[in-house]
Amino acid sequence: MPGDRLTNEDRQYIAAGLAEGLGYTEIGKHLGRPASTIMREVARNGGPDDYSADRAHQATRLRARRRKQARPSVPPTPDSGHGRDPRAVQDFTESFTALLVQQGMPRMTARVLVSLYVTDSGTLTAAELVQRLRISPASVSHAIAFLEQQGMLRRERTPGVRRERYAVDDDMLLRSLLATLQMNDALAAAARRGAEILGAATPAGARFASSAELLLLVSESLRQVISARHSSGAM
């Protein structure tokens, strides 16, 4: 049943499904589970290319044993009202974190970013992040530094209060798109230059020319999205 822990039989089916090229949604439908549950299970146990049912089952048992021997359960987090199902919120938080990690973001950084993004206020202090994630202040500091450098959060300081608050807002993804557009344009320019130097009629030059064409199409699509965002007045 959804919500119950995955069994070894479930994991055997997941492994077989991945080997057959099935998607998370299709595997989840067979098991009666959300696709996010399957994605989280695979992401935390080696990824789609290295998932092993037996190894995953053993790792889960070890994690459960450690949790019993370690600290008490995590205290309730802020912004838990509005009639939300805490289990569903936690499930989404973990699956979204796993998705960011799959996209290349460091795991600790992803955990910090998602913790900020799922709060209604969009802000947390370093101490609150330490309590929520049960990580060291140093880990929070490193993650914050990375996210700030990428323009994905900002620091806020209330007059007369020593503690800084870290905040995300509705334009975070837009700023990320702008950064992606800049990088994409730079890659396209470099690819065009490569085609010119190597010669467009040569296999190597043609390869760069084709890459430049694809990158330009992606850039144009991104510009249309950003333009639509401006036109809607949502910024």
Asker: With sequence neighbours left out, write down each residue that passes salt bridge (charged side-chain N to carboxylate O under 4.0 Å, His left out) with Glu9, or none if nothing qualifies.
Answerer: none
Asker: For Arg33 and Thr37, work out which heavy atoms get closest and say how close.
Answerer: CB-CB, 4.4 Å
Asker: Working to the nearest 0.5 Å, report the span between CD1 of Ile135 and NE2 of His142.
Answerer: 10.5 Å
Asker: Contact between Thr60 and Leu6 at the side-chain level, heavy atoms closer than 4.5 Å - yes or no?
Answerer: no
Asker: Hey, are Asp120 and Arg84 close enough for a salt bridge, meaning a charged N less than 4.0 Å from a carboxylate O?
Answerer: yes
Asker: List the residues meeting side-chain hydrogen bond (donor to acceptor under 3.5 Å, both in side chains) with Gln90, not counting sequence neighbours, and say none if there are none.
Answerer: Glu94
Asker: What residue pairs, at least two apart or across chains, pass ring-ring contact (aromatic ring centres under 6.0 Å, His included) with a residue in residues 178-219?
Answerer: none
Asker: Are Leu181 and Leu215 connected, step by step, through hydrophobic side chains (Ile, Leu, Val, Met, Phe, Trp, Tyr) whose heavy atoms are closer than 4.5 Å?
Answerer: no
Asker: Does the side chain to side chain donor-acceptor pair (under 3.5 Å) test come out yes or no for Arg132 and Ser115, once each step is laid out?
Answerer: CA-CA 8 Å; Arg132 275 175 171 249; Ser115 289; 5.0 Å; no
Asker: Not counting sequence neighbours, which residues clear side-chain hydrogen bond (donor to acceptor under 3.5 Å, both in side chains) with Glu156? List them please.
Answerer: Arg154
Asker: Going by the rule salt bridge (charged side-chain N to carboxylate O under 4.0 Å, His left out), which residues pair with Glu213 if we only count those two or more places apart in sequence or in a different chain?
Answerer: none
Asker: If hydrophobic clusters are built from ILVMFWY residues whose side chains come within less than 4.5 Å, do Val118 and Val140 share one?
Answerer: yes
Asker: Going from CE on Met152 to CG on Leu113, what distance comes out if it is rounded to the nearest 0.5 angstrom?
Answerer: 5.0 Å
Asker: Enter the distance from Ile38:CD1 to Leu31:CG here, rounded to the nearest 0.5 Å.
Answerer: 5.0 Å
Asker: What are the two closest heavy atoms between Val112 and Ala143, and how far apart are they?
Answerer: CG2-CB, 3.7 Å
Asker: Would you give the length of the straight line joining atom CD1 of Ile144 to atom CG of Leu116, rounded to the nearest 0.5 angstrom?
Answerer: 6.0 Å
Asker: Does Asp50 have any salt bridge (charged side-chain N to carboxylate O under 4.0 Å, His left out) partners at least two apart in sequence or in another chain, and if so, which?
Answerer: Arg55
Asker: Side-chain contact, heavy-atom cut-off 4.5 Å: Asn8 with Asp54?
Answerer: yes
Asker: Do Leu147 and Tyr166 have side-chain heavy atoms sitting under 4.5 Å apart?
Answerer: no
Asker: Does any part of the side chain of Arg111, heavy atoms only, come nearer than 4.5 Å to the side chain of Met108, both counted from C-beta?
Answerer: yes
Asker: Enumerate the side chain to side chain donor-acceptor pair (under 3.5 Å) contacts for residues 17-28, please, sequence neighbours excluded, ordered by first and then second residue.
Answerer: none
Asker: Between Arg40 and Asp91, does any side-chain N to carboxylate O distance fall below 4.0 Å?
Answerer: yes
Asker: What's the spacing between Leu222 CG and Gln182 CD if we round to 0.5 Å?
Answerer: 11.5 Å
Asker: Which atom pairs, donor and acceptor, lie under 3.5 Å between side-chain atoms of residues 187-197 and protein residues at least two apart or in another chain?
Answerer:
none

Asker: Output every pair passing ring-ring contact (aromatic ring centres under 6.0 Å, His included) with a member in residues 27-65, not counting sequence neighbours, ordered by first then second residue.
Answerer: Tyr13-His30
Asker: Indicate yes or no: at least one non-hydrogen side-chain atom of Ile27 is less than 4.5 angstrom from one of Leu18.
Answerer: yes
Asker: With clusters defined by side-chain heavy atoms of hydrophobic residues (ILVMFWY) lying less than 4.5 Å apart, directly or transitively, does Met183 cluster with Val218?
Answerer: no
Asker: Of all residues at least two apart in sequence or in a different chain, which pass the side-chain hydrogen bond (donor to acceptor under 3.5 Å, both in side chains) check with Asp185?
Answerer: Ser219, Arg223
Asker: Can you tell me how far CG of Leu129 sits from OG of Ser141, rounded to the nearest 0.5 angstrom?
Answerer: 11.5 Å
Asker: Where the side chain of Glu128 meets the backbone of Thr125, is there a donor-acceptor pair that is under 3.5 Å apart?
Answerer: yes
Asker: Between the side chain of Thr202 and the main-chain N/O of Leu198, is any donor-acceptor distance below 3.5 Å?
Answerer: yes
Asker: Restricting to non-hydrogen atoms, name the atom on Ala59 and the atom on Asn45 that form the minimum distance, rounded to 0.1 Å.
Answerer: CB-OD1, 3.9 Å
Asker: Shared ILVMFWY cluster between Val89 and Val114, side chains joined below 4.5 angstrom?
Answerer: no
Asker: Ser136: what forms a side-chain hydrogen bond (donor to acceptor under 3.5 Å, both in side chains) with it, not counting sequence neighbours?
Answerer: Ser139
Asker: If you look only at distance, which donor and acceptor atoms sit under 3.5 Å apart when one is on a side chain in residues 99-107 and the other is two or more places apart or in another chain?
Answerer:
none

Asker: Mind checking whether Glu41 and Asp10 have side chains closer than 4.5 Å, heavy atoms only?
Answerer: no
